[in-house]
Amino acid sequence: MINLEVPKKAGTLINQAYQAAAEVFRPISRKYDRAEHTYPAELDMFAALLDGLNSSGEGGAGAAGVRRSEKNEKPGNRNGSNLNIVLGTIEMCWGDVGLLLSMPRQGLGNAAIGSVATDEQLKKFSGLWAAMAITEPDCGSDSAAITATARLDGDEYVINGEKIFVTAGERADAVVVWATLDKTKGRAAIKSFVVEKGTPGFEVVRVEHKLGIRASDTAVLRFENVRVPKENLLGTPEIDTAKGFAGVMQTFDNTRPLVAAMAIGVARAALEETRKILTDAGVTIDYDKPVHSQHAAAATFLQLEADYESAYLLTMESAWMADNRKPNSLQASMAKAKAGRSVVEITLKCVELAGTLGYTEESLLEKWSRDAKILDIFEGTQQIQQLIVARRILGKTSAELK
C-alpha cells in the first residue's frame, strides 16, 4: 500500500531546501528574469553545498540520478532517492524554477547519467555539469524520430547532428546527446552519449531568448564529426529490437517526475501568493462551506487548489514507485501531464484573480505564469504524455496508436 504522507525523515531535507529557496532563490528571482543570459554567480557557493548534501546520501535538492539497485535493500515500502529529489525540487522551484535549472552539476543530463550509467561511468563523469540534448529541428516530442547519428569508428563514436532547446546547453561542462546507431533499426538503435565541451566539432550555435525561465540558458548545439570514446555511450551498445526504446526511455521515467515536481513548486508559489492577495482584499476561503455558497474568487481558488493536490499526489506516487523498483512509466507520464497542464492553468488563473497585481511586476505572479508554460512542454509535451498514457491503458503499441 502506498502511503503518500511525507515521510518524517524527509523533514530536514524539505526545510533545508525551503530555506535555500526563500533566502537564495527568491531574492534574486526578478533580477535574473530581467538579466537574461547572465549567469547567476550566487549559485556557485550554493552548488557546493548541494554537492555535499548529495554525497552524504541525503540528496533531494537537484536533478541527481536515481539508481535502481536491489543491493542491501530491506523488504517493504521504501522512501528513497526519487522521493527525496522530488520533495526537494518542489521546494526549490517554489523559489525559482529557472534558477534551479541553472544550478551547476544539477542538469537533466546528470539525471540521465546517474540513472543509467555503469559504475565506471559514474566515476568517470563525477563532478561534471551535464545538459541533455534530445530535441531536433525536425524532431520535437517524438524522441523516436531522432536523426542525429553515432557511427562506431574503432574505439570512438563519430556523432553528427543538431540539437535545439538544450537547457544549460551553453553553461554545462558536457551534454548527454541522443543519437541513433542505425536508422534502419528504429527506436531500439537510439542511445545516449556524453559529449564534453571542447570536443572538436562540438559548437554552441546560439542561445535563445525565451518567454520564461530566463535565468536558465537554452542553446542550439551542432555536432560535426564529433569523436567521443566508445565508453561514453551510456548503458549497453547492443541494439535490442525486442526491447525497443525501453532502455533509453528509462531516463524519462526518472526525469518526468522531476519536471512534474518543478510544476508543483511553481503552482504552490502562485497559490500562496494569491491566497495572501485575496485575504488582504477581504475574501474568505472557507473549507467547511460548499463551493457554490462562497465568494466567486474563493470558489475558484478552491478548485485550483484541488487541481494542485491531485497533481501533487500523482507525482508522489510515481516517485514512490521508482524507489520501490516498480515500473512507473505510466505514472510518470500521468504525473507530468497533470502537473504540466495544472501549473499553466493555475498560474494564469492566479494572475486573473489578483487583478492588476497579477499583471504587474509588483508581484512574481506574472513571472510564474511565464515560467509555467515550459513545464508543460519539455520532457515530452502534454499531447505526448496523453498518448503514452493511452497506449499503456489500452495496451496499444506506438504503431497501433499514433
*Evaluation steps, salt bridge (charged side-chain N to carboxylate O under 4.0 Å, His left out), between Glu136 and Lys163*: CA-CA 5 Å; Glu136 299 178 357; Lys163 298 291 182 177; 2.9 Å; yes
*Hey, mind stepping through Arg256 and Glu379 against salt bridge (charged side-chain N to carboxylate O under 4.0 Å, His left out) and telling me if it holds?*
CA-CA 6 Å; Arg256 281 173 176 161; Glu379 294 297 290; 5.6 Å; no
*asked:* Go through it in stages, so that I can follow the logic: the residues are Arg30 and Leu364, the test is side-chain contact (heavy atoms from CB on, under 4.5 Å), and I'd like the CA-CA distance, side-chain angles, deciding distance and then a yes or no.
replied: CA-CA 8 Å; Arg30 181 65 74 182; Leu364 287 170; 3.9 Å; yes
_Full working for side-chain contact (heavy atoms from CB on, under 4.5 Å) between Arg34 and Glu361_ = CA-CA 11 Å; Arg34 291 170 175 159; Glu361 291 190 354; 2.6 Å; yes
*asked:* Checking Thr381 against Asp376 for the side-chain contact (heavy atoms from CB on, under 4.5 Å) test, could you report, in this order, the C-alpha distance in whole Å, the side-chain angles of both residues, the deciding distance, and whether it holds?
replied: CA-CA 6 Å; Thr381 64; Asp376 193 34; over 6 Å; no
*asked:* Run the salt bridge (charged side-chain N to carboxylate O under 4.0 Å, His left out) test on Arg105 and Asp173 for me, step by step, so that the C-alpha distance in whole Å, both residues' side-chain angles and the decisive distance to 0.1 Å come before the verdict.
replied: CA-CA 8 Å; Arg105 299 178 296 284; Asp173 304 316; 5.9 Å; no
*Begin from the C-alpha positions of Val194 and Val228 and carry the test side-chain contact (heavy atoms from CB on, under 4.5 Å) through to its verdict.*
CA-CA 8 Å; Val194 178; Val228 298; over 6 Å; no
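Checking side-chain atoms of Asn324 against main-chain N and O of Lys326 turns up no donor-acceptor pair under 3.5 Å. For Thr347 (side chain) and Val343 (main-chain N/O), a donor-acceptor pair under 3.5 Å exists by modelled atom type. At distances below 3.5 Å, at least one donor-acceptor pair connects side-chain atoms of Asn110 with backbone N or O atoms of Leu128. A donor-acceptor pair under 3.5 Å is absent between the side-chain atoms of Lys191 and the main chain of Ala150, judged by distance alone. Gln19 places no side-chain N or O within donor-acceptor distance of the main-chain N or O of Gln16, the cut-off being under 3.5 Å. Not a single donor-acceptor pair under 3.5 Å links the side chain of Asp280 to the backbone N or O of Ile277. Panel note: side chain Glu162, backbone Leu221; no donor-acceptor pair is recorded below 3.5 Å.
Heavy-atom minimum distance, Leu304 versus Cys350: CD1-SG, 4.3 Å. Taking all atoms of both residues into account, the shortest heavy-atom contact from Phe223 to Val177 is CZ-CG2, 3.5 Å. When all heavy atoms of Gly169 and Asp217 are compared, the closest pair comes out as N-OD2, 3.4 Å. Considering all non-hydrogen atoms of both residues, Met132 and Val175 come closest at C-CG1, 4.4 Å. What you find for Leu234 and Ala117 is that their closest heavy atoms are CD2-CB, 3.9 Å. Across all their heavy atoms, Arg171 and Ala215 have their closest contact at NH1-O, 2.9 Å.
Atom CZ of residue Arg391 and atom CD of residue Gln386 lie 12.5 Å apart, to the nearest 0.5 angstrom. A distance of 12.0 Å separates CG in Asp307 from NZ in Lys349, rounded to the nearest 0.5 Å. For the atom pair CD (Glu170) and OG (Ser216), the distance works out to 11.0 Å, reported to the nearest 0.5 Å. To the nearest 0.5 Å, atom CG of residue Leu233 and atom OH of residue Tyr157 are 5.0 Å apart. Between Met334 atom CE and Ser318 atom OG the span is 10.0 Å, to the nearest 0.5 Å. Taken from CZ in Phe25 to CD in Glu91, the straight-line distance is 12.0 Å, to the nearest 0.5 Å.
Trp368 and Glu273 are not linked by any side-chain donor-acceptor pair at a separation below 3.5 angstrom, with hydrogens and angles left out of the test. With no hydrogens or angles considered, no side-chain donor-acceptor pair links Glu366 and Thr360 at under 3.5 Å. Using a 3.5 Å distance cut-off with no hydrogens or angles, the side chains of Glu42 and Tyr32 do pair a donor with an acceptor. Tyr287 and Gln294 are not linked by any side-chain donor-acceptor pair at a separation below 3.5 angstrom, with hydrogens and angles left out of the test. With no hydrogens or angles considered, a side-chain donor-acceptor pair links Tyr39 and Asp44 at under 3.5 Å. Donor-acceptor pairing under 3.5 Å is lacking for the side chains of Thr149 and Asn160. When only modelled atom types and interatomic distance are considered, Glu208 and Thr218 share no side-chain donor-acceptor pair under 3.5 Å. A donor-acceptor pair shorter than 3.5 Å cannot be found between the side chains of Asp286 and Thr284.
Between Glu156 and Lys230, every side-chain heavy-atom pair lies at or beyond the 4.5 Å cut-off. The closest side-chain heavy-atom distance from Trp94 to Tyr18 is below 4.5 Å. Side-chain contact check for Asp33 versus Arg370: some heavy-atom pair is nearer than 4.5 Å. Using a 4.5 Å cut-off on side-chain heavy atoms (C-beta onward), Thr274 and Leu271 make no contact. At least one side-chain heavy atom of Thr89 sits under 4.5 Å from a side-chain heavy atom of Cys93. Counting only heavy atoms from C-beta outward, the side chains of Ile384 and Gln382 never approach each other to under 4.5 Å. Within the 4.5 Å cutoff, the side chain of Arg227 has no heavy atoms near those of the Pro200 side chain. No side-chain heavy atom of Val204 sits under 4.5 Å from any side-chain heavy atom of Val220.
At most 12 non-hydrogen atoms from other residues, nucleotides or ligands lie less than 6.0 angstrom from CG of Asp138. Within a 6.0 Å radius of OH in Tyr308, other residues, nucleotides and ligands contribute more than 12 heavy atoms. Shown here is Glu400, whose CD atom has more than 12 heavy atoms of other residues, nucleotides or ligands within 6.0 Å.
Taking a cutoff of 4.0 Å between a charged side-chain nitrogen and a carboxylate oxygen, Lys367 and Asp371 qualify as a salt bridge. Under a 4.0 Å N-O distance rule, the pair Glu272/Arg268 qualifies as a salt bridge.
Annotation: side-chain contact (heavy atoms from CB on, under 4.5 Å) contacts of Pro27 (sequence neighbours excluded): none.
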